[in-house]
Structures are given as structure tokens and as C-alpha cells.
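This report refers to the structure that appears directly beneath it.
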Amino acid sequence: MTKKSLLSAGLSLSFFTLCSRILGLVREMTKAAFLGTSIYADAFGIAFMIPNLFRRLFAENAISVAFIPTFRGYLEDSESEDGKASTREFLRATFTLVSFLTAAVVCVGIAFTPIIVPLFYDGNNSLVLEETSILTRIMFPYLFVISVAAFFQGVLNGVKIFSPSGFTPVLFNTIVIAATYLLAPHTANPARAMAIGVIAGGCVQALFQLPFVIRTGWATGFTTLKKTFSNPGTRKVMKLIVPTIIGMAAYQLNDVVSTALAGRAGAGIVSSLQYSLRLQELILGIFAVSIGTVILPDLSGMAKSGRWEEFNTMLATACKIIALISIPITFLSLVCGKEIISLVYKTRSFDDESVALTLTAFRWHIAGLFFIALNRIVSPAFYAQGNTKSPTLAGIIGFAVNILGALLLVRTMSGGGIALSLSIASFVNTVVLFVFLKKNPVIEVAQVIRGLGLYALKLVLFSLAAAVPAYVVLHALLPIFADYNRLFAFGIPFAASAVTYGAVGIGLLLVTRDAMVKAITGKVKRR
């Protein structure tokens, strides 16, 4: 995939991701409207978290980390009839494995729901426990359908088709919202209507991709369990996934420990960190994850065929694109952080104190945005080589740094210390990933770092230059609109400041004939 096609695919996937994130926000607003902060909201949140936990541990990692690189290897050898037959056997074996294991987990999960639920809820409200058990049993099959959907996504991404999979979350959120409104009057409570919407949305995510998979010529089916567990490709997938499960488990533990420390730091710290992270994850989900998804299949093919010069070029390009996005957003967020938080969250219950707490966390979270985003790009470079151990070890080192930093900083900086420790850990993770990447002599890590460093320095200087007029515009307009509702009081000053910031920054990039911007503008003009 060339630089231009990488940008095209990344922009297309980012657009669908943006639509999905917006609808995800509407879905949360729907949940708030129907469930508020009632016991049914707690029950739905816990019940939905349980199958999602298994999805994150298995389905997402298995596809992105293990299946796609292995599938790309088969595609490289599929020119002959024997190669095509081997590829189809691999797909059937993997599809059978995914279906069999997730179906087994779903059946066990439904049967043992009364035992599982108390592990996630330690309260004494019997109604919450009872309703959570009902909702968990309704939504546990979501693990099966979303795993099948993830498999179909892996096939499509493996042959460089991204848009259908990027669009399915839009369908999912739309169906959950519609089901809540349509079914709530006919169910015992609105939470059950949302739960039905979750299952329906997951089914549609899988079914929508199926025609596109068939069109690729790699439609799949089932095979025997004996052939499944003896297939060399499937065995390779299972071998690759084990280290990432360990890494993901460390990540989950990281979240638990950080939340516990935040809970001891004072009232409102936990929620302020969560609100801050949601804003950060919105940006990451739209851009970093999209670019990482787009480059993985190509990197896998290049590594398989030994095209290391192209591998290095694509990795360097992807890193620069991430820098072009994340560094300017970081500085704009530092200038307008208070206004962004107030615009999105501030209501009667989310007062000035809540804004201040969230702003403290957000400033330290956003400081690490570039490194967190970069990690989402560098990690696929390892997965493309079939190396899952190195990014897992880097993640564990980052986990240790994060916990140690949080323990030391929470005493003096409260929630800001926990946020800062995450940014420091992300920086350490990035450094460790590049050190590990350097062990491969054919990957020109020094050249990638040198080019990225110079480009990042230029973006920092340009962002600082653009931040000054943006700050002036923001604080000139805030007093003018202060007496209006929050949409105007914060929205108009923020929008004007963002436009000023963007105009100055883009102007500087155009004047200096920035290569990344030229490629993007050229793609837009051709469309």
C-alpha cells in the first residue's frame, strides 16, 4: 500500500470511526435518558462489561495480533492451487476454533451467571444482583456473534478491505438506540430493551460483513475439531495469542489498581479520571486505531516476502501521520481543555468543581497522547513479524512504571499524579518498543526515529506558534458569551479558537511544503 493509499484508507476508516463515536455518545445519552443512575443502569453496566471483558481478552487480540499476520502469510503463498487449498483449510479451521470456543464460553457463562456476577458486583442490593444476572444471560451470546464479526473483519482487513468493518459499529450503535426506544414500553424495564438491542446489533455486525467476505472469494465454513486443532496455521494463531492475553490481563489489572488508588485519593477522583480518559480515547479511537488497523495487513505481507525497504517506509509514514494528528491536538487541548470539558460534560450535577477535577486529569492525560498513539502504530510492526512477545513485555514494563508512578505521585498530585504516571508509562513503553524493534537488523529503526524526531520537533514549534493566537481569541470571546447556555458559552469560543489554531498551523505547514499535508491535499483534490 502506497503512502497515498494508506492515507486514503486511513481517512475512510477514520470517518466511519468518527460516526461510530458520535453515535456511541448518542447511545450513552439514550442510556442516561432511560436508565439515569438507577439500579438498572448499574445492572446493565455490569452485565455488558462481562462479555466485553472476554471480547477484549480473546476476540480482538486473536484477530488483530495473530490471525491477520498469519492469514497474510497464507495469501502470499496462495497463487497455486495447493496454496489456495491450504488457505481455505486454515480459514475453516480458524472459523471453527472461534465458533467452538466462544460458544463453549457462552454456554458456561450462562450456566454459571449467578456465580460470575458477584465477582463483578460486591454490593448487597439483591435486586441489582437479580437484574444483572438476567441481563448477563441475555447479553452473553454477544460474545459469540461479535467474535464471528471480528473473524469476518480479519478476513476483510487481510485483503485490504476496511470500510465494511469500519461501518459495522455505526450499525451496532444505531440498532441499540432504536431498540431502546422501540422495545422499552414492552419490556419489564428499559435495561432489557437495551440488552436485546446489543444482541441484535452484534448479529447485524456479523451478517453485514458476510456478503463482502463472500465477494473476496475466501468464504469459509466449518471443519472437524480434529482438523481444527491440528491445522498448522491455527496452531500458530493460538501460539501467538497467548502472550497478548497475558499482556491484556496486565492491562486489566493496571486499570483495577489505578482505580483503587484513585478511590483512596478522594471523592470524585475516579470519575474525573474516567471522564478525562473518554475524551482521550475518542481521539485515539478515531485516528491511531484506524491507522494501525490499515497498516497491519501490508506490514505482514512485506515481512513475509522480505520487502523490508517498503516495510520501513510504511512504518515511518504511519508514525509521521500520527505525529501530524496527535501533536497539534495535544496543544489545542491544553489551550482549550477547560472549555472542551465544560462543553461536553458540564450540567447541573457536573459543576465547576467537577470541571476542575477533570481538567487536572485531562492535562496530564493529553500530554501522553502522542506516545499512546505511537504505541498503537509500532506494535503492529511486531505483530506483522509474528512477534507478540516483545510488545507484551513492553506493556508489562509500562504497567510496572505506571503503578510505581501512581503510588509515588498520587500523594502529592492526587488524580493528576495518576494521569501523569500513565503518560510517563506510555513514553517508557514507546522507548522499549523501539529498543526491541532495533533487534531486527533489517528494520532501520535509527532512521525512523531520526525522521520522526525532526518532524515532531517541527510540529511542536508550529503548534506553539498557532497556540498563541488561539489563546487570545478564546479569552477574548469567553466574556462575550458567558451569559449564554453552555453550547454557546463554551462552544463558540472553542470553535473560533480551534479555527484560528488550525488556520495558523495549516498555513505554516503549507508554507514549508510539508510532505504529509501535500499528500493529503492531493488526495482530497482528486476526489
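All values reported here derive from a predicted model rather than from experimental measurement. Sequential numbering from 1 along the given sequence is applied to the chain's residues.
- Side-chain contact check for L369 versus Q280: some heavy-atom pair is nearer than 4.5 Å.
- In this structure, OG1 in T132 is found 9.0 Å from CG in L127, a value given to the nearest 0.5 Å.
- Considering only residues two or more places apart in sequence or on other chains, N189 meets the side chain to side chain donor-acceptor pair (under 3.5 Å) condition with E131.
- Rounded to the nearest 0.5 Å, atoms CZ (F112) and OG1 (T136) are 15.0 Å apart.
- Summarising the geometry, atom CZ belonging to F44 is positioned 4.5 Å from atom CE belonging to M139; distances are rounded to the nearest 0.5 Å.
- Legend: residues meeting side-chain contact (heavy atoms from CB on, under 4.5 Å) with S390, ordered by chain and number and at least two apart, are F382, N387, F436.
- Considering only residues two or more places apart in sequence or on other chains, N231 meets the side-chain contact (heavy atoms from CB on, under 4.5 Å) condition with Y74, E89, F90, A93, T234.
- Residues in residues 175-185 take part in no salt bridge (charged side-chain N to carboxylate O under 4.0 Å, His left out) pair, two or more places apart or across chains.
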Take I322 and R376, measure what side chain to side chain contact (heavy atoms under 4.5 Å, CB included) needs, and give me the verdict at the end.
CA-CA 10 Å; I322 284 298; R376 304 289 180 95; over 6 Å; no
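- Under the side-chain contact (heavy atoms from CB on, under 4.5 Å) criterion, V431 pairs with F427, V435, sequence neighbours left out.
- In this structure, CD1 in I175 is found 11.5 Å from OG1 in T180, a value given to the nearest 0.5 Å.
- Counting only distance, with no hydrogens or angles, the side chain of R72 and the backbone of G158 share a donor-acceptor pair below 3.5 Å.
- Between M314 and T317, every side-chain heavy-atom pair lies at or beyond the 4.5 Å cut-off.
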Apply side chain to side chain contact (heavy atoms under 4.5 Å, CB included) to residues Q385 and L437 and explain how you reach the verdict.
CA-CA 11 Å; Q385 303 170 65; L437 200 61; 3.9 Å; yes
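- Taken to the nearest 0.5 Å, the SG atom of C203 stands 12.5 Å off from the CG atom of L171.
- Rounded to the nearest 0.5 Å, atoms OG1 (T70) and NZ (K239) are 11.0 Å apart.
- At a threshold of 4.5 Å between non-hydrogen side-chain atoms, the residues T174 and V170 count as touching.
- Screening residues 209-220 for side-chain hydrogen bond (donor to acceptor under 3.5 Å, both in side chains) gives S165-Q209 as the qualifying pairs, with residues at least two apart or on separate chains.
- F95 has its side chain within reach of V148: a pair of non-hydrogen atoms, C-beta onward, lies under 4.5 Å apart.
- The two residues L433 and A394 come nearest to each other via the heavy atoms CD2-CB, 3.8 Å.
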Could you please spell out the steps behind the side chain to side chain contact (heavy atoms under 4.5 Å, CB included) verdict for N157 and F67?
CA-CA 10 Å; N157 289 1; F67 173 76; over 6 Å; no
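- At a threshold of 4.5 Å between non-hydrogen side-chain atoms, the residues N440 and W308 count as touching.
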If you apply the rule side chain to side chain contact (heavy atoms under 4.5 Å, CB included), what do you find for F151 with L91, and how did you get there?
CA-CA 9 Å; F151 173 80; L91 290 175; 4.2 Å; yes
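- The side-chain contact (heavy atoms from CB on, under 4.5 Å) test applied to P164 returns L156, I161, F208, F212, not counting sequence neighbours.
- Looking at every heavy atom in both residues, F229 comes nearest to M238 through CD2-CE, 4.1 Å.
- Applying the salt bridge (charged side-chain N to carboxylate O under 4.0 Å, His left out) rule to pairs touching residues 94-116 yields nothing, sequence neighbours excluded.
- Scored by the side chain to side chain donor-acceptor pair (under 3.5 Å) test, S421 finds N402 as partners (sequence neighbours excluded).
- Here side-chain hydrogen bond (donor to acceptor under 3.5 Å, both in side chains) pairs that include residues 423-436, with residues two or more places apart or in two chains, are N375-T430.
- At least one side-chain heavy atom of I110 sits under 4.5 Å from a side-chain heavy atom of P141.
- Put simply, the side chain of T102 never gets that close to the backbone of F144: no donor and acceptor are under 3.5 Å apart.
- For F172 and Y142, the ring centers sit closer than 6.0 Å to each other.
- Taking each heavy atom of I443 and F311 in turn, the nearest pair found is CD1-CE2, 3.8 Å.
- By the salt bridge (charged side-chain N to carboxylate O under 4.0 Å, His left out) test, R137 is found to be paired with no residue, residues two or more places apart in sequence or in another chain being considered.
- Residues that satisfy the salt bridge (charged side-chain N to carboxylate O under 4.0 Å, His left out) test with R307, not counting sequence neighbours, are E310.
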